[in-house]
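Below: one structure, written as structure tokens.
Keep in mind that what you see is a predicted model, and the values were worked out from it rather than measured. The sequence lines fix the lettering, A, B, ..., with proteins before strands; numbering per chain opens at 1.
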2 protein chains.
Amino acid sequence: MTHRSLEAGIQSIAELSRDASDLLICSTRQKPLAKGQVLLPEGQVCKTIWYVEKGYLRTFYNKDGKEINTRFSFENEFVTDLKSLRSGAPSACWIQAGEATVVWEFAKVTLLDLYRQSAEIESFGRNLLEQMLVDQEDHANLFRIHSPTERYAYVVRHFPQLLQRVSLSQLSSYLGMARETVSRIRKNR
Amino acid sequence: MTHRSLEAGIQSIAELSRDASDLLICSTRQKPLAKGQVLLPEGQVCKTIWYVEKGYLRTFYNKDGKEINTRFSFENEFVTDLKSLRSGAPSACWIQAGEATVVWEFAKVTLLDLYRQSAEIESFGRNLLEQMLVDQEDHANLFRIHSPTERYAYVVRHFPQLLQRVSLSQLSSYLGMARETVSRIRKNR
DNA sequence: TTCATTTTGTGATTTTCGTCACAGGTTGAT
DNA sequence: ATCAACCTGTGACGAAAATCACAAAATGAA
């Protein structure tokens, strides 16, 4: 078990000194997940940020018994339920492994400590949030600006791996349309 | 011209010492805006974060000649185009005063300096981003989880001032539907 | 006040997409 | 290899919302 992937992931967010990088890395634990294993169930308070080393995590909401996927987090991405993490309120979403997956866990309490200890790590936290916010805005704008057909085209162009690794049924709710509609859009290309 | 509103706005994001608060406040300039005045045009690189003291700012995208509003930032809110601010790429959106408005400007370069000078201010930056991200996710989930009628009800319940201060036509694109649809939904309540 | 401009309401029609139903494929476990 | 469970494609149909057209109402400027 090495830290190479994690280290690279951290450095891609902010360039840290060896000391700061070590501090961060020593505060995590690696965790293997079986496909389908739940990291955060709805109703539970989120206390963790996860880094995906291998596999992917799926974030979804339950609306009238139907699952609505809002995020797929692949290798080298960080993910959490920030609303719950920040406020301590019960999570409104689920986070679950979509494949056999390996994650690194960052506990909120530990991170807050590190922020106080190290300006570099606080800066890392800020940079991570900036990137998450930009990603989030991009995905939100998909819905606000683009039609279903354009949304599908956007994924084909910018996130082709989504089509490889996620089933069409799961993709459909991520794109805000019915499974059948994705199937028909896909045909007409 | 006092700093009272700005100070309160800053403290609502993170509790800062008098020194840190003064550092931040001294780095800003107040700017009055006429209704319709543009702060950031599409294509320009965003170099500023704005705090709204009075009035509101409207963020919108131009899609095939039609304006699509993605945000209304009222009193005591911070706003920017983070994607452009962060990357230095030209902005894809416009930011414009929706009423006669007073804002405080934070220049990116100055902020980056302050982050290096003061861990407290870096922490303020991180907290501001956290709040922006939570707000952003909430609005994104509006589209992913709720139908047009539910989206309208959500605004009535959670952001009633939007209905008071923004025209129905402007609201409609914010809610992702046609003007006529908002009008009909409003009637049936 | 008056008049032009903008905003809103409403009906008729069309389009898009969701829902339902079912057949054919694929996958994975035993 | 076999079978069950799941996934995808496709047609028929209906519901929801967009578009178009225009009237009524509100707003703002001179």
Side-chain angles (χ1 to χ4, degrees), chain A residues 33-37 55-56 58 60-70 72 96-101 142-156 160-189, chain B residues 34-37 55-56 58 60-69 72 96-101 142-156 160-189:
Chain A
L33 304 167
K35 176 175 178 172
Q37 196 171 334
Y56 74 87
R58 175 169 77 96
F60 64 95
Y61 288 76
N62 205 304
K63 156 92 169 175
D64 308 330
K66 271 196 277 192
E67 294 180 355
I68 300 180
N69 298 308
T70 57
F72 297 98
Q96 187 195 41
E99 301 173 348
T101 297
L142 252 191
F143 282 81
R144 300 195 266 225
I145 304 181
H146 300 294
S147 69
T149 306
E150 290 169 331
R151 296 204 288 272
Y152 181 79
Y154 187 89
V155 166
V156 168
Q161 70 166 342
L162 258 182
L163 304 171
Q164 308 305 318
R165 296 176 67 180
V166 169
S167 78
L168 179 146
S169 324
Q170 303 245 300
L171 185 67
S172 64
S173 66
Y174 180 78
L175 292 178
M177 59 186 110
R179 181 181 64 73
E180 293 90 336
T181 305
V182 186
S183 176
R184 290 179 181 122
I185 288 173
R186 170 189 282 182
K187 200 181 68 169
N188 300 329
R189 307 189 95 243
Chain B
K35 176 173 178 173
Q37 196 171 335
Y56 74 87
R58 175 170 77 97
F60 63 94
Y61 289 77
N62 207 304
K63 156 93 169 174
D64 307 330
K66 270 196 278 190
E67 295 181 355
I68 300 180
N69 298 307
F72 297 98
Q96 186 195 42
E99 302 174 349
T101 297
L142 252 191
F143 281 82
R144 300 194 266 226
I145 303 181
H146 300 293
S147 69
T149 306
E150 291 169 329
R151 296 205 287 272
Y152 181 79
Y154 187 90
V155 166
V156 169
Q161 71 167 340
L162 258 183
L163 304 171
Q164 308 306 318
R165 297 177 66 181
V166 170
S167 78
L168 179 146
S169 323
Q170 303 244 301
L171 186 66
S172 64
S173 67
Y174 180 77
L175 293 177
M177 58 186 113
R179 182 181 64 73
E180 293 90 334
T181 306
V182 186
S183 176
R184 290 178 180 119
I185 288 174
R186 169 189 281 180
K187 199 181 69 169
N188 301 328
R189 308 189 95 238

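For DNA chain D, the residues of residues 164-172 of chain A within the heavy-atom distance limit of 4.0 Å (strictly under) are A:S167, A:L168, A:S169, sorted by number.
One can place CD of B:E150 at 12 Å from P of D:dA16, the figure rounded to the nearest angstrom. In this entry the distance linking CZ of A:R186 with P of C:dC17 reads 17 Å, nearest Å. Separating the CD1 atom of B:I185 from the P atom of C:dT10 is a distance of 14 Å, rounded to the nearest angstrom. In this structure, A:N188 places its CG atom 11 Å from P of D:dG11, rounding to the nearest Å. As a whole-Å value, the separation of B:L175 CG from D:dA17 P is 12 Å. The separation between A:E67 atom CD and D:dC7 atom C1' is 15 Å, rounded to whole Å. Rounded to an integer number of Å, the gap from CG of B:L163 to C1' of C:dT7 is 15 Å. If you measure from atom OH of B:Y152 to atom C1' of D:dA16, you get 18 Å, rounded to the nearest angstrom.
Along DNA chain D, the nucleotide nearest B:A178 and the nucleotide nearest B:K35 are compared for position; the residue whose nucleotide lies closer to the 5' end is B:A178.
If you take NZ on A:K187 and CD1 on A:I185, they are separated by 12.0 Å, rounding to the nearest 0.5 Å. Rounding to the nearest 0.5 angstrom, the gap separating the CZ atom in B:R186 from the CG atom in B:L168 is 4.5 Å. Separating the CZ atom in A:R184 from the CZ atom in A:R179 is a distance of 9.0 Å, to the nearest 0.5 Å. Atom CG of B:L162 sits about 10.0 Å away from atom CG of B:N69, to the nearest 0.5 Å. Between the CD atom of A:Q96 and the CD atom of A:E67 there is a distance of 7.0 Å, given to the nearest 0.5 Å.
Judged as a side chain to side chain contact (heavy atoms under 4.5 Å, CB included), and not counting sequence neighbours, the contacts of B:A178 are B:E180, B:T181.
Among A:K35, A:R58, A:R165, the one residue that satisfies the salt bridge (charged side-chain N to carboxylate O under 4.0 Å, His left out) test with A:E99 is A:R165.
Dashed line: the shortest gap from a side-chain N or O of A:R179 to OP1 or OP2 of D:dC7 is not under 4.0 Å. Residue B:R184 places none of its side-chain N or O atoms closer than 4.0 Å to OP1 or OP2 of D:dA17.
Distances were taken from every side-chain heavy atom of B:K187 (C-beta onward) to each of C:dT10, D:dT10, D:dG9; the shortest belongs to C:dT10. When distances run from any side-chain atom of B:S183 to the nucleotides C:dT19, D:dT10, C:dG9, the shortest one goes to C:dG9.
Each end of the helix from C:dT1-D:dA30 to C:dT30-D:dA1 gets its own axis, taken as the rotation carrying the C1' atoms of four end pairs onto the next four within a five-pair window, and the two axes meet at 60° to the nearest 10 degrees.
Looking at A:E180, its side chain has no donor and acceptor atom pair within 3.5 Å of the base of C:dC17.
Ring planes of A:F143 and B:F143: tilted class, angle from 30 to 60°.
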Do A:L171 and A:Y174 pass the side chain to side chain contact (heavy atoms under 4.5 Å, CB included) test, and can you show the C-alpha distance, the side-chain angles, and the key distance before you say yes or no?
CA-CA 5 Å; A:L171 185 67; A:Y174 180 78; 4.2 Å; yes
